[in-house]
Amino acid sequence: MGLRVRFAPSPTGALHIGSVRTTLYNYFLARQSQGTLILRIEDTDQERLVAGAIDSIYEGLHWFGVGWDEGPREGGPRAPYVQSERLPLYQKGAQELVDTGAAYFCFCSKDRLEQMRAAQRARGEITRYDRHCRDIPSADAAERAKVEPDHVIRLKVPEDGTIAIDDLVYGHIEWPLSTIEDQILLKSDGFPTYQLAVVIDDHLMGIDPVIRGEDWLPSTPKHLLVYRAFGWDVPPHAHVPNVLGPDGKKLSKRHGATEVDEFRREGYLPEAMVNFLALIGWSPGTEEEVFSIDDLIQRFRIDQVQKAGGKWDRDRLNYFNGLWIRRLSDDDLCARLEPFLPPGWDRKLVRAVVPLIKERMTTLVEASELIAFLFTDTVEQDPALLIPKKREALDVITALSRVTVLLRFVQPFAAAAIEQAISAVATELGWTLRDLTIAIRAAVTGRKVGPPLYGSIELLGKDRTLARLEAAQERLEP
RNA sequence: GGCCCGGUCGCCUAGCGGUCUAGGGCGCUUCCCUUUCAAGGAAGAGGUCAUGGGUUCGAAUCCCAUCCGGGCUACCA
């Protein structure tokens, strides 16, 4: 096979999670076919450029484990891979279309276009270019173009007929040409519009198939017309459905986090994100749903992609995140936790407690909160937590003091022996183990819930445990 | 408004004319396990397959209409 596919983001902001999904699909196909993945930067809109956007794309994609073969920083046989560095190609192409009569110079000012649209709206008409410059004799137009630098080049869309594509996911789609406007191909600043640049680049870079978001579907007929005007073959196209917000609209900032980096900082695993994202709009047709990136490379099929948009579901993402955290080795989990831990914490202790909290986390940020009690000298002890329901403060003092006494003699200070001592106290006092551990947990960790008690106590160490138990007794003193 | 796309439990989805009294997962509820919380196990609630017409012996699956939703409609991508 050896497919040549690409992803072509605009450097107009941080890497968006929706475009990651599309990129992933391209990546799966490239790898499974032992083909080529190309990164192309579409920076033809000079006004919307955002500094650092390309860095964000590189960092984000690398975090996901997505690598590519040709791109601005890695070079390649079809370089350059940044559209602003390919201007002569587009200008030459546009001129060629003018020469063959498939495109024409347009000298309408932005003001005129605005007025035109306003008038059309006032009359209740469709707002569309009125083809004012379409019929200027080509010799005259060429002359004017020399002296009026502000001109653009527009596509001369045939008056009637239809144009169609057989999309790999949406199937056969047809458009009446009468509904398509004379799209600008080359802007007055000499930059191409997307409509011209994609076609030229996809053709020159040998892209096959073109995989992109569903929102490009409506402009596909324009692209087809450009291919036709150049006399080029149209590569197979696959449009993939949009990722939607909970309200059914295209996922955007107002729905919450959408940038890759935000999820990284919130403690999400790339494995979980990939798994979750791949399953929005794609299913292998079986009941399996836990997939590594390598599984996906193997299993993904473009013809299994759905047509309907899929909503972003935080709960489901969280589920996958917890699942992938549990699948990590303890050492690996420790390494991933590193950026989320205070620098002063003893890493050996962290490593020791990781097995206790592994299945209690849905995101990486939760770890430090779960184990903070191990890294402080004292802990805040809330009497309300210290005293189990239907128990008296005095009874709790007695119980804790018994625990303190027995624990003092536990040697070595290990979970199993600690458990024995504590349950001995429960039996002796006629307490339920449940009530006793509630009090002890509150005394030792300051919290109501947490990692397994006996293991926690072992890691805390005898001295600190006894100190906290004694402090709790004083705290309850009338 | 115009063009195009879509519509299966709250959410992600399986389904491609009969095996569907519509399956799985998330979330939710209950139970088990249990030192808490999780994790794990079990069970359950939840869908007139948007609606209405066809076609057919038979339709979630094919056709048409309607409704609803979305995308696009820039010298943005």
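Note on naming: letters A, B, ... go to the chains in the order of the sequence lines (proteins, then strands), and numbering restarts at 1 for each one.
- Between the CZ atom of A:R314 and the P atom of B:C12 there is a distance of 16 Å, rounded to whole Å.
- The partner of B:G1 is B:U73, by the rule that a Watson-Crick or G-U pair needs both atom distances under 3.5 Å.
- For the residue pair A:Y268 and A:N318, a side-chain donor N or O sits within less than 3.5 Å of a side-chain acceptor on the partner.
- Nucleotides B:U8 and B:U51 have their C1' atoms positioned 15 Å apart, rounded to a whole Å.
- Counting any heavy atom pair closer than 4.0 Å across all strands shown, A:F320 reaches no nucleic acid atom.
- As rounded to the nearest Å, B:C31 and B:C16 have C1' atoms that lie 39 Å from one another.
- When heavy atoms are screened at a 4.0 angstrom cut-off, A:G213 is found touching no nucleic acid atom at all.
- Of all nucleotides listed (B:C5, B:U35, B:C4), B:C4 comes nearest to the side chain of A:P176.
- Put simply, CG on A:L385 is 13 Å from C1' on B:C37, counting in whole angstrom units.
- Comparing A:E288 and A:E359 by the nucleotide of RNA chain B that holds the closest heavy atom to each, the one mapping nearer the 5' end is A:E288.
- Atoms NZ (A:K307) and C1' (B:G15) sit 13 Å apart, rounded to a whole Å.
- Atom CG in A:L177 sits 12.0 Å away from atom NZ in A:K222 (nearest 0.5 Å).
- With hydrogens and angles left out, the side-chain atoms of A:D201 and A:Y81 include no donor and acceptor closer than 3.5 Å.
- The distance from atom CZ of A:R299 to atom P of B:A14 is 14 Å, rounded to the nearest whole Å.
- Atom-to-atom, NZ of A:K311 to P of B:U13 comes out at 10 Å; the value is rounded to the nearest Å.
- Across all strands shown, A:P451 has heavy atoms under 4.0 Å from base atoms, whether or not it also approaches the sugar-phosphate.
- A gap of 23 Å separates the P atoms of B:C68 and B:C62, to the nearest Å.
- Distance from the side chain of A:E287 is smallest for B:G23 among the nucleotides B:C26, B:C3, B:G23.
- In this structure, B:G40 forms a base pair with B:C32, meeting either the Watson-Crick or the G-U wobble geometry with both donor-acceptor distances under 3.5 Å.
- Atom CG in A:L436 sits roughly 12 Å away from atom P in B:U35 (whole-Å rounding).
- The gap from the P atom of B:A22 to that of B:A38 amounts to 34 Å, rounded to the nearest Å.
- Relative to the ring axis of A:F107, A:R144 places its NZ or CZ within 45° and under 6.0 Å from the centre.
- Rounded to whole Å, the distance from CG on A:N275 to C1' on B:G24 is 15 Å.
- Among B:G25, B:C3, B:U36, the nucleotide with an atom closest to any side-chain atom of A:W175 is B:C3.
- Cation-pi geometry between A:R391 and A:W431 is met: the NZ or CZ atom falls under 6.0 Å from the ring centre, inside 45° of the normal.
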Measure all distances between protein nitrogen or oxygen atoms and nitrogen or oxygen atoms of nucleotides 68-77 of chain B, and list the pairs falling under 3.5 Å.
{"from": "B:G70", "atom 1": "OP1", "to": "A:K249", "atom 2": "NZ", "distance (Å)": "2.8"}
{"from": "B:C72", "atom 1": "OP1", "to": "A:K250", "atom 2": "NZ", "distance (Å)": "2.9"}
{"from": "B:C75", "atom 1": "O2", "to": "A:S188", "atom 2": "N", "distance (Å)": "2.7"}
{"from": "B:C75", "atom 1": "O2", "to": "A:S188", "atom 2": "OG", "distance (Å)": "2.7"}
{"from": "B:C75", "atom 1": "N3", "to": "A:S188", "atom 2": "OG", "distance (Å)": "3.0"}
{"from": "B:C75", "atom 1": "N4", "to": "A:C108", "atom 2": "O", "distance (Å)": "3.4"}
{"from": "B:C76", "atom 1": "OP2", "to": "A:K187", "atom 2": "NZ", "distance (Å)": "2.8"}
{"from": "B:C76", "atom 1": "O2'", "to": "A:D45", "atom 2": "OD2", "distance (Å)": "2.6"}
{"from": "B:C76", "atom 1": "O2'", "to": "A:R48", "atom 2": "NE", "distance (Å)": "3.2"}
{"from": "B:C76", "atom 1": "O2'", "to": "A:R48", "atom 2": "NH2", "distance (Å)": "3.3"}
{"from": "B:C76", "atom 1": "O2", "to": "A:R48", "atom 2": "NH2", "distance (Å)": "3.3"}
{"from": "B:A77", "atom 1": "OP1", "to": "A:T44", "atom 2": "OG1", "distance (Å)": "2.6"}
{"from": "B:A77", "atom 1": "OP1", "to": "A:K187", "atom 2": "NZ", "distance (Å)": "2.9"}
{"from": "B:A77", "atom 1": "OP2", "to": "A:Y194", "atom 2": "N", "distance (Å)": "3.2"}
{"from": "B:A77", "atom 1": "O3'", "to": "A:S10", "atom 2": "OG", "distance (Å)": "2.7"}
{"from": "B:A77", "atom 1": "O3'", "to": "A:E42", "atom 2": "OE1", "distance (Å)": "3.3"}
{"from": "B:A77", "atom 1": "O2'", "to": "A:S10", "atom 2": "OG", "distance (Å)": "2.5"}

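- With P as the reference atom, B:G6 and B:C63 are 11 Å apart, rounded to whole Å.
- Taking the P atom of each, B:U56 and B:U61 are spaced 16 Å apart, rounded to whole Å.
- Partner assigned to B:C67 is B:G7, using Watson-Crick or G-U wobble distances below 3.5 angstrom.
- A distance of about 27 Å separates the P atoms of B:C11 and B:G18, rounded to the whole Å.
- For a distance-only test at 3.5 Å, the side chain of A:R441 qualifies as a donor-acceptor partner of the base of B:U35.
- Between A:H151 and A:Y104, a ring centre-to-centre spacing not shorter than 6.0 Å is recorded.
- Here A:I173 lies in heavy-atom contact (under 4.0 Å) with sugar-phosphate atoms only.
- Looking at heavy-atom distances under 4.0 Å, A:G450 makes contact with a base.
- Because its NZ or CZ atom is both nearer than 6.0 Å to the ring centre of A:Y129 and within 45° of the ring axis, A:R154 counts as a cation-pi partner of that residue.
- With B:G24, B:G27, B:G6 as the choices, the nucleotide that has an atom nearest any side-chain atom of A:Y319 turns out to be B:G27.
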Apply ring-ring contact (aromatic ring centres under 6.0 Å, His included) to residues A:W312 and A:F263 and explain how you reach the verdict.
CA-CA 13 Å; A:W312 177 268; A:F263 292 97; 5.3 Å; yes
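- Heavy-atom nearest nucleotides on RNA chain B were determined for A:R326 and for A:E125, and the one closer to the 5' end corresponds to A:E125.
- Between B:C64 and B:G46, the distance separating the two C1' atoms is 32 Å to the nearest Å.
- B:G10 atom C1' lies 14 Å from atom CZ of A:R316, rounded to whole Å.
- Here CG of A:L39 is found 11.0 Å from CG of A:N26. Values are rounded to the nearest 0.5 Å.
- Distance OG/A:S219 to CG/A:L225: 12.0 Å, rounded to 0.5 Å.
- Nucleic acid contact for A:P284: none, since no nucleic acid atom lies under 4.0 Å from a heavy atom of the residue.
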